[in-house]
> 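Quick one: this structure, given as structure tokens, is what I'll be asking you about.
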Amino acid sequence: MKKILDWNRYIEKAVQTVSEGIVMLINRNGALPLSKNEEVAVFGRIQLHYYKSGTGSGGMVNVSKVTGIVDGLRESGVPVNEELYSVYEKWDEKNPFDPGEGWGTEPWSQKEMPLEDEFVERIAAQCKTAVVIIGRTAGEEQDNREEDGAFFLSETERDMIRKVRKAFPKMIVLLNTGGIMNTLFIEENEPDALLYVWQGGMTGGTGTARVLTGEVSPSGKLTDTAAFKIADYPAAEYFGDKERNFYAEDIYVGYRYFETFAKEKVHFPFGYGLSYTTFDVKVNGTSSKAYRDYSEYTSVFDITVKNTGNYSGKEVVQIYCEAPQGKLGKSLRVLCGFKKTKKLRPGEEERFTIEVPLSEAASYDDSGVTGHRSCFVLEAGEYKFYAGTDVRSAKPVSSVTLENTEVIKKLSQCVAPVLPFKRMRPELQNDGTYKVVFEDVPLLEADENKKRLDNLPPEIPYTGDRGIKLKDVRNRSRTMDEFIAQLSDNDLACIIRGEGMGSPKVTAGTASAFGGVTDSLKDFGIPCGCCADGPSGMRLDCGIKAFSLPNGTMIASTFNPELVTELFEFTGYEMAENKVDCLLGPGMNIHRHPLNGRNFEYFSEDPYLTGIMACAELEGLHRSGSEGTIKHFCGNNQETGRLVIDSVISERALREIYLKGFEMVIKNTGARTVMTTYGSLNGLWTAGHYDLDTSVLRNEWGFEGMVMTDWWADINERGEKQCKNNFAAMARAQNDVYMVCSDSADHDDNTLSSLADGTLTRAELQRNAANICRFLMNTNAMKRLEGTYEKTEIINRPEEDEGSDAPVVFYELENEIEIPFENVKTDKGCIYCYELTITTPGAFEAEITASSKNSETAQIPVTYFCNGTVCATYTFNGTGGKYVSEVRSVNMYSRFNTVRFYFGQSGLDIKSIRYRLVKPFERRHD
Ligand code: BGC
């Protein structure tokens, strides 16, 4: 059957995700939904610059159009006050949006337009409802800050809220943010409604308008606890340290901490979110399923939800468990099941069951205090279950009592810390509450190097080329061992080198090429696979347009995994058509602290919800034959010092919080690629962490796929300084591919020298090669190589979103080159792209020669992007038809550079661009 990707259905699914992910915190006196024909006055400059996502690798999806909130309102027929809108437009022209300069420098918020009382009152005389939009970006390379204009409102924003509140009978505040921010000031000003509309991708405004107009009742739920103050979060004391971060709060992350120790510090609880309608949630009874032992024991909750209000809507029923404190100490609540209802009409009800395996409430004993060291245990005592619509209001429904402590899973010590520190645990007080006390964290005793040596794989004797191709392995006519036996030492050294960014061997503008990266490897029939960021749509730095999806936090706030799977099935087809084999996402680190810059890409403070959402995305990608990469494995929970920071985490917290989501994905969806982090976990950089990448991931969880580093990550050996070329340590740990090298055939690493001195075995490299090939032989890259890939027909996609079929031109630049721009379309909104392979990274002069017949005062801006980041802007005026030259300085760090021009106005005739090397860099980034 022919595969069809209907763009309209894709858009509809994304819009639905947005409207189900919006979280309504306040709605006084039915302020929302807007009534028919209710004119709204929209305040806040972000109405002109809707944040579709944060910045950095997770936000660089090129789109032809973003539907912002005002567009969405207009589409829905809501009258928008035009006088106010045009004042913002004019001000915005004079005060352009500041995108920052280079990578990771966009300010967390933009300067806001100051307002005068009289002006606001004049607008209020025209309409009664104000919608105030507050916007925040988020992103890689920097964390959010506890400052005005970041976690707090700026003074101009506060002034806007005050003035609008004073003048308007109805004030609705929308937070177009990557994650939670401080809302106290807004609440002091008594908004009639307050909603997190998050960052909803390119169709965000349409989904938002559906909620505002009541076409859809909000049903999103907070995936994080909103506390009153940053200092209230248990990680606050440690977060942000540039060198080392002690995870002293241990398993007490987010609501696990607040519900156990500090209920009063919670402003909005985890799982909270209002609807336009009301629901009655009734647990009809709890039964258990047949089981052989407690590792299989499952409670089945029989639930009826009835819509008791006046609007149609969906509700999310959440089940929490309170395990007995036992000897380990427990959090008073742990999310272990949830379900979203279908859309219920007023008066309608739905009956369903939620199954909760008791093992979801098991704890990992890393000290042996229960008598079962290194085991997941269910300690003896009563397990109480609570059902409700957020963690705080969930009511007790049933309980299970265990006479004895039950061992659920026997494991062995892995990834434990080497530095002594103390961690939190609860101590019961006379009044029945729990106080924080601290205990020593058990330290690493197992020797990971000995583990490695005891488990070395057998070497496959080298045979040389016997004509066996990778497809013979896939067709099962040959074994993987027979295939791998043919690879020489040099082939093995090359296959662990991913190439990029922007390698000419794969789709232009993507993050990496891997597998068949040399002629010799290609000759064995190994395809060259290709990865692109991720997570919220495809990042194609050559400017090709792609679908930009809602951010991770918004996706998780839907609490609707089925919907997310459907959405990502479309993404998978889109990837396949763009020859992208592997999305660099989902990002699934834990929201340990609200200021983490990349929280927007990740889902939640809760590992169970994180695991479910990542599974949902992968399942969607798999349905369409594409693949995702779960990242960043693991403990990537702050951006400050991310390349060097050592995260010091107990084995218990790792297994219950930071590894749990990854484990769920690997066991439940068969994920086949994993990306490690930039930083170090308990003294070892994750890219060379044997216990993490082999003992846990493969030996315990059964992962058989490929592990890649983060881009230009460091690697080390225990006690040694980290560096970028210790590929031997990486390969030994079974982190199979280094991302990225500028030339896979020739790279300065220690693979061959380590083979020669015996510190790396040939067998280990063969194992890496097999992991890579096992992954690749089931991808679309393999099908393309064999000519068996079946095209998906894309229908209903607007012409401006379609990629061009013209091949991207590759140029080589040594010291100087002139690139002609003949026949390049430079009309407003057009882009032009080429790939530049340079011999010497450095600072270059880039001189554009162009002419224009426009007037002398015409401004014709041309933006120059290199690998997705703005490097320079040229502004030409009318030249009376004569050629003039403008020079800018551009830095190019990598060997491969995807250069893209964006033309902001029509009327330019560009003759050429000339590059000249001015100063080579001393150290290459790659
Ligand atoms: C990010 C990764 C990303 C990679 C490739 C890194 O900076 O940490 O998440 O996938 O770049 O763009």
Side-chain angles (χ1 to χ4, degrees), residues 53-62 102-106 138-143 178 498-503 506-514 529-542 546 549 551-552 575 580-589 596-603 614 617 621 627-645 647 662 671 673-681 685-687 706-714 724 735 737-742 865-869 893-894 896-898 925-926:
S53 77
T55 65
S57 61
M60 294 164 78
V61 181
N62 297 305
W103 182 245
T105 58
E106 186 177 315
E140 197 167 335
E141 208 75 52
Q142 55 169 330
D143 285 313
E499 191 175 283
M501 306 182 82
S503 163
V506 287
T507 308
T510 54
S512 75
F514 59 94
C530 139
C531 297
D533 285 308
S536 45
M538 273 184 308
R539 163 187 172 193
L540 297 167
D541 282 349
C542 56
L549 300 162
N551 75 13
M575 284 165 58
V580 168
D581 306 302
C582 206
L583 191 70
L584 298 174
M588 50 184 305
N589 293 91
N596 178 18
R598 291 185 90 171
N599 277 353
F600 78 104
E601 293 182 56
Y602 308 147
F603 300 113
E617 290 193 6
L621 294 177
E627 196 48 70
T629 305
I630 50 176
K631 70 185 188 185
H632 307 86
F633 189 60
C634 86
N636 196 63
N637 302 311
Q638 78 171 47
E639 286 302 291
T640 306
R642 68 174 175 159
L643 304 184
V644 293
I645 188 136
S647 301
F662 289 99
T673 45
V674 173
M675 185 195 298
T676 48
T677 70
Y678 277 124
S680 150
L681 173 66
W685 266 253
T686 58
M706 174 182 97
V707 179
M708 63 181 82
T709 65
D710 201 339
W711 268 234
W712 309 286
D714 283 341
K724 296 196 194 304
N735 186 321
V737 185
Y738 190 83
M739 297 297 192
V740 280
C741 308
S742 54
F865 294 77
C866 183
N867 294 332
T869 302
Y893 298 99
S894 318
F896 304 120
N897 299 278
T898 304
H925 246 218
D926 50 346

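Every number for a ligand or one of its atoms is a count from 1 in the order of the listing. Just so you know, these numbers use all the heavy atoms, side chains as well, and skip hydrogens, waters and symmetry mates. Note that the structure is a prediction, hence the values are computed from the model and not measured.
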> Any side-chain heavy atom of Ser57 within less than 4.5 Å of one from Arg598?
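With C-beta onward as the side chain, the pair touches.
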> Take every heavy atom of Met739, measure it against each atom of ligand 1, and state whether any distance is under 4.0 Å.
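Contact absent.
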> Is there a donor-acceptor pair closer than 3.5 Å between any side-chain N or O of Ser647 and the backbone N or O of Leu681?
no
> Under 4.0 Å from a heavy atom of Met501: give me the atoms of ligand 1 that qualify, with their elements.
12 (O)
> Check for a donor-acceptor pair, side chain of Asp143 on one end and backbone N or O of Glu639 on the other, with a separation under 3.5 Å.
yes
> Give the minimum heavy-atom separation between Ala508 and Leu540, together with the two atoms involved.
O-CD2, 4.4 Å
> List the closest protein heavy-atom neighbour of atom 2 (C) of ligand 1: residue, atom name, distance to the nearest 0.1 Å.
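The protein heavy atom lying closest is Asp710 OD1, 3.3 Å.
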> Taking the non-hydrogen atoms of Glu141, is any one of them nearer than 4.0 angstrom to ligand 1?
no
> Under 4.0 Å, heavy atoms only, figure out whether ligand 1 is touched by the backbone of Arg642, its side chain, both or neither.
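Arg642 to ligand 1: side-chain contact only, backbone stays beyond 4.0 Å.
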> Can you report which non-hydrogen protein atom sits closest to atom 3 (C) of ligand 1, along with the distance?
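Sorting protein heavy atoms by distance from atom 3 (C) of ligand 1 puts Asp533 OD1, 3.2 Å first.
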> Can an N or O of Glu140 be found at a distance shorter than 3.5 Å from an N or O of ligand 1?
yes
> Among Thr629, Leu584, Val737, Leu583, exactly one meets side-chain contact (heavy atoms from CB on, under 4.5 Å) together with Thr673. Which residue is that?
Thr629
> Does ligand 1 have any atom sitting under 4.0 Å from a heavy atom of Glu601?
no
> Say whether, by atom type as modelled, one donor and one acceptor occur between the side chain of Glu601 and the main chain of Gly59 under 3.5 angstrom.
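Flag not set: sc Glu601 to bb Gly59 has no pair under 3.5 Å.
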